[in-house]
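In what follows, every chain begins at residue 1, and chains take the letters A, B, ... in the order their sequences are listed. All values below come from the heavy atoms of this structure, side chains included, with hydrogens, waters and symmetry mates left out.
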4 protein chains.
Amino acid sequence: MKNDMSSSGSLPPRGRPRSQDADIRILKAALSLVERVGFKALAMEAIAEQAGVARTTVYRRWPNKATLVMDAFLSDIGPEIEFPKGSSPMESLRSQMSLLARAFRGRRGVLVRSLLAEAQFDAELKKAFLERWILKRRATAKLVVAEAIVAKELAPDTDGDVLLDALYGGLYYWLLIGTTPPTEKHVQALWNLVTKSTS
Amino acid sequence: MKNDMSSSGSLPPRGRPRSQDADIRILKAALSLVERVGFKALAMEAIAEQAGVARTTVYRRWPNKATLVMDAFLSDIGPEIEFPKGSSPMESLRSQMSLLARAFRGRRGVLVRSLLAEAQFDAELKKAFLERWILKRRATAKLVVAEAIVAKELAPDTDGDVLLDALYGGLYYWLLIGTTPPTEKHVQALWNLVTKSTS
Amino acid sequence: MKNDMSSSGSLPPRGRPRSQDADIRILKAALSLVERVGFKALAMEAIAEQAGVARTTVYRRWPNKATLVMDAFLSDIGPEIEFPKGSSPMESLRSQMSLLARAFRGRRGVLVRSLLAEAQFDAELKKAFLERWILKRRATAKLVVAEAIVAKELAPDTDGDVLLDALYGGLYYWLLIGTTPPTEKHVQALWNLVTKSTS
Amino acid sequence: MKNDMSSSGSLPPRGRPRSQDADIRILKAALSLVERVGFKALAMEAIAEQAGVARTTVYRRWPNKATLVMDAFLSDIGPEIEFPKGSSPMESLRSQMSLLARAFRGRRGVLVRSLLAEAQFDAELKKAFLERWILKRRATAKLVVAEAIVAKELAPDTDGDVLLDALYGGLYYWLLIGTTPPTEKHVQALWNLVTKSTS
DNA sequence: GGCTAAGCGAGACGGTACGTCTAGTCTTGGG
DNA sequence: CCCAAGACTAGACGTACCGTCTCGCTTAGCC
């Protein structure tokens, strides 16, 4: 998460305002570089240079590489992984998983893997990753599960969290450990196995 | 995997033999340090020093930090996560998951997380992690699943890989993302959900 | 020398006038800081802060650290090093050297040393130091020397510049190189040696 | 003064020995750069680059810019400022002053000025400058003065230190403050003035 | 009272050098 | 051929100042 010195909701901004343009250019540079050279080889220097910005400007806004890439990732990934308004709750859930898997297959896969990996070494980043990425989606997912129960698509005693752990856990497991990205077929098989019982 | 320059099984060793003691001391040092300061802050220099060994001696045996820690990890984790000869195949599977979760709760959790994380940035390590850790266990697990099918504990069309992805995927997911290590209760809930259908 | 944008003596001042108070506060801050931390570690930022003034306000008035400290020094050192109206020209000269040495022993020593040192790296400062400090005093000194010649205290062919170089050169030499500040005794010995011949 | 870890006079050297060649290349680079760009603009980075050496190698041997340049200076200045075996002690002294003035007129002038200036901000450098440059020469100079007294060229009560302060002080004064380097004529005049009396 | 101009506090900005750190390699002497 | 020691190249790191700039606001003289 970006440095944001503004003490909540009050006093007018003082001093020269930060260039919004720089923000965008830095995020773009970070994104393109992390995709090209990977997270490890990504140097702050290189980001600054590509963004046409002084190194200090980057450090003024983000305390480290990880949070910068995190922001870049979130600013990049858009509504393509939203829960589609499907015919039924379960259908919506299933197709969101497919969308996520598709995103993982693309350049976003590298980003998620990098961030999740880096988060293992950085408590703050882990928190950010959890709250800003995982939990945000899970909140919606649990609503969908609740709807599914109401619609009798799921057994009334279904534990949403556990169900989602099995489904998404399997997906992330593949992302991190598999030799190939998760295909649509994988998602299908996983979905079938896990939901067979709960219907 | 350790460097082993000896061309397979032929000519007798020349020159001074490598100190076996050094190996042990290096692995121990690596282990204790990675637990103390974490993988990122772990410096080869520090390992060598704590092992009372020159840096070159470490590099002569392991090409880099990751494979060294990998070896240290594997040398440390013993039969405590073997599949127990239980009353039934499914029972054996279930209790192995519990053992694994327990290991994750201890200091081994940090190691697995570190290695899996680092593997995202290092193709060779990823391969090593997959082959020497994940697949080794999965091979056995799939045999157990096959036995379970024979014993009619599982439906005959059960796909072992998918089943194990759901089970272990859920577990690793928790390890990496959860704010607390996976408890026995989690394992139970996950097991129940996933196996309810397949019986 | 301070920035003074006002084109000589004409058009009335426009806009908000500069705070005179700020000037004083800045000079004071510079003085106290340079004595505390030395010239090298003296940051414009710190001066501004201690003066309770924005950094731009400092830069609006002085182009750089050196000239600011130069002004601070000159504003600080007062009539205590003026040529005393003594009983005779030579006596006046001698006692002024003593006064200067005494000033060098105090906090002014650090300032002169810093400025003279910095001047070696900065042509403009060197010029300023020469004109505003050295030559100002030397002009008077040469008049005194002339009087001394008239009074037959000095040989008629005495070269004032060379005489003063020997006297003040010896003093500055001590200031810069000596391990202790120049004592009254030093000044005496130097004076005696140099003037013995010229009488 | 260079870093020299060797504990006095014992144990054989361990580890890879430092490249003597690097020493030479670094000193040469420092010298040529300081003459080209001046002390202030002289960057360690640039020295390392020009010497074809890693930056760490420079820092391993010299703790900072000043001591490095000090060593470069001393390694550069050779016997050209030795006291010449002249016809008489006073003659020897006089001509050494001329030699020194000549050196000051050349590229060495910049170096001495830079070092003496920097020494005002750095106690260690000041000590080094004093001991390794000033005092070394003064020791010899005082011997010469003593000889001169024996030879009745100087009054028997002459204080060598004060005499040398007046002579060399005047010279350094010119070097630091003058707008032109000290000419032979200056040296002559100074010499005549100071020594007229003491004969 | 509104207009113009400059001062002012605050802080962003481009830039540059710093000195440190770690990785992984190389070069000694000695076993 | 191993080992300890430590020099070496390479390169990123995060920090510290510098001197400039860009805001919104204030303080003056002038029409």
Chemist: Quick one: is C:Arg25 getting a side-chain N or O under 4.0 Å of the E:dC8 phosphate, OP1 or OP2?
Modeler: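 Negative; the distance criterion is not met.
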
Chemist: To the nearest 0.5 Å, what is the distance between CG on C:Leu31 and OG on C:Ser75?
Modeler: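 Separation between the atoms: 6.0 Å.
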
Chemist: For the side chain of D:Lys65, counting heavy atoms from C-beta on, which of E:dC8, F:dC18, E:dC18 is nearest?
Modeler: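 Nearest listed nucleotide: E:dC18.
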
Chemist: Give me the residues of residues 112-124 of chain B where at least one heavy atom lies under 4.0 Å from an atom of DNA chain E, by number, or none.
Modeler: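 Heavy-atom cutoff 4.0 Å gives no residues at all.
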
Chemist: For C:Arg16, give me all partners under side-chain contact (heavy atoms from CB on, under 4.5 Å), at least two apart in sequence or on another chain.
Modeler: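 Partners of C:Arg16 under the side-chain contact (heavy atoms from CB on, under 4.5 Å) test: none.
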
Chemist: With sequence neighbours left out, what residues match B:Arg107 under salt bridge (charged side-chain N to carboxylate O under 4.0 Å, His left out)?
Modeler: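 B:Glu35, B:Asp76.
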
Chemist: Can you tell if the side chain of C:Leu27 reaches within under 4.5 Å of the side chain of C:Trp62, non-hydrogen atoms only?
Modeler: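 Of all side-chain heavy-atom pairs linking C:Trp62 with C:Leu27, at least one is under 4.5 Å.
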
Chemist: Mind checking what makes side-chain hydrogen bond (donor to acceptor under 3.5 Å, both in side chains) contact with C:Asn64, not counting sequence neighbours?
Modeler: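 For C:Asn64 the side-chain hydrogen bond (donor to acceptor under 3.5 Å, both in side chains) partners, ignoring immediate neighbours, are C:Thr67.
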
Chemist: Hey, is the side chain of A:Arg55 poking within less than 4.0 Å of OP1 or OP2 on F:dA12, counting only N and O atoms?
Modeler: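 So the side chain of A:Arg55 is outside the cut-off, no N or O lying under 4.0 Å from OP1 or OP2 of F:dA12.
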
Chemist: Tell me every residue that passes side-chain hydrogen bond (donor to acceptor under 3.5 Å, both in side chains) with C:Arg55, counting only those two or more places apart in sequence or in another chain.
Modeler: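 Scan of C:Arg55 (side-chain hydrogen bond (donor to acceptor under 3.5 Å, both in side chains), adjacent residues dropped) gives none.
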
Chemist: Nearest-Å distance, CZ (D:Arg60) to P (E:dG19)?
Modeler: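 For the pair D:Arg60 CZ and E:dG19 P, the rounded distance is 16 Å.
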
Chemist: Find the distance B:Tyr59:OH to F:dA4:C1' and express it as a whole number of Å.
Modeler: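 Value for this atom pair: 16 Å.
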
Chemist: Grab the CH2-P distance between B:Trp62 and E:dG24 for me, whole Å please.
Modeler: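 Atom CH2 in B:Trp62 sits about 15 Å away from atom P in E:dG24.
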
Chemist: For residues 27-39 of chain D, which residues have at least one heavy atom under 4.0 Å from DNA chain F?
Modeler: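 Result for residues 27-39 of chain D: none.
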
Chemist: Between the protein and nucleotides 27-29 of chain E, list every N/O to N/O distance that falls short of 3.5 Å.
Modeler:
residue, atom, partner, partner atom, Å
E:dT27, O4', D:Arg16, NE, 3.3

Chemist: Kindly list each side-chain donor-acceptor pair under 3.5 angstrom involving residues 41-54 of chain B, sequence neighbours excluded, with atom names and distances?
Modeler:
residue, atom, partner, partner atom, Å
B:Gln50, NE2, B:Ser32, OG, 2.8

Chemist: Assess whether a salt bridge exists between C:Asp23 and C:Arg61, defined as any Lys/Arg side-chain N lying under 4.0 Å from an Asp/Glu carboxylate O.
Modeler: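 Looking at C:Arg61 together with C:Asp23, the answer is yes, because their closest N to O distance falls below 4.0 Å.
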
Chemist: What are the two closest heavy atoms between B:Ser19 and B:Ala22, and how far apart are they?
Modeler: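 That closest heavy-atom pairing would be OG-N, 3.0 Å.
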
Chemist: Quickly work out the C:Lys40 NZ to F:dC18 P distance and round it to whole Å.
Modeler: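 So the NZ-P distance, C:Lys40 to F:dC18, works out to 12 Å.
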
Chemist: Please lay out, stage by stage, how C:Arg60 and C:Thr57 fare under the test side chain to side chain contact (heavy atoms under 4.5 Å, CB included).
Modeler: CA-CA 5 Å; C:Arg60 199 174 296 114; C:Thr57 298; 3.8 Å; yes

Chemist: What pairs with D:Leu74 under side-chain contact (heavy atoms from CB on, under 4.5 Å), at least two apart in sequence or on another chain?
Modeler: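 With sequence neighbours excluded, D:Leu74 shows a side-chain contact (heavy atoms from CB on, under 4.5 Å) to D:Met70, D:Arg132, D:Trp133, given in chain and number order.
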
Chemist: Calculate the interatomic distance between C:Asp23 atom CG and E:dG7 atom P; express it in whole Å.
Modeler: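 Rounded to the whole Å, the gap is 12 Å.
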
Chemist: Please figure out whether D:Asn64 or A:Ser19 has its closest DNA chain E nucleotide nearer the 5' end.
Modeler: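 Here A:Ser19 is the residue nearer the 5' end.
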
Chemist: Could you check which of E:dG7, E:dC13, F:dC2 has an atom nearest any side-chain atom of B:Arg61?
Modeler: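 Selected nucleotide: F:dC2.
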
Chemist: In residues 111-118 of chain B, what donor-acceptor pairs under 3.5 Å come from side-chain atoms, sequence neighbours left out?
Modeler:
residue, atom, partner, partner atom, Å
B:Arg113, NE, A:Gln120, OE1, 2.8
B:Arg113, NH2, A:Gln120, O, 3.3
B:Ser114, OG, B:Val110, O, 2.9
B:Glu118, OE1, A:Lys40, NZ, 3.4
B:Glu118, OE2, A:Lys40, NZ, 2.6

Chemist: Quick one: D:Gln20 CD to F:dC8 C1', roughly how many Å, whole number?
Modeler: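 It is 16 Å, rounded to the nearest whole Å.
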
Chemist: So if I take every side-chain heavy atom of D:Thr57 and compare against E:dC8, F:dC8, F:dC2, which nucleotide ends up nearest?
Modeler: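 From the listed options, F:dC8 comes nearest.
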
Chemist: Taking only residues two or more places apart in sequence or in another chain, which ones pass salt bridge (charged side-chain N to carboxylate O under 4.0 Å, His left out) with A:Lys127?
Modeler: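 Applying salt bridge (charged side-chain N to carboxylate O under 4.0 Å, His left out) to A:Lys127 gives A:Glu131.
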
Chemist: Let's see if you get this right: which residues in residues 41-51 of chain C place a heavy atom under 4.0 Å from DNA chain F?
Modeler: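 Residues of residues 41-51 of chain C that come under 4.0 Å of DNA chain F are, in numerical order, C:Leu42, C:Ala43, C:Met44, C:Glu45.
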
Chemist: Could you pull out the closest heavy-atom pair between D:Ala119 and D:Leu125, with the gap in Å?
Modeler: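 Looking at all heavy atoms of both residues, the shortest contact is N-CD2, 3.6 Å.
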
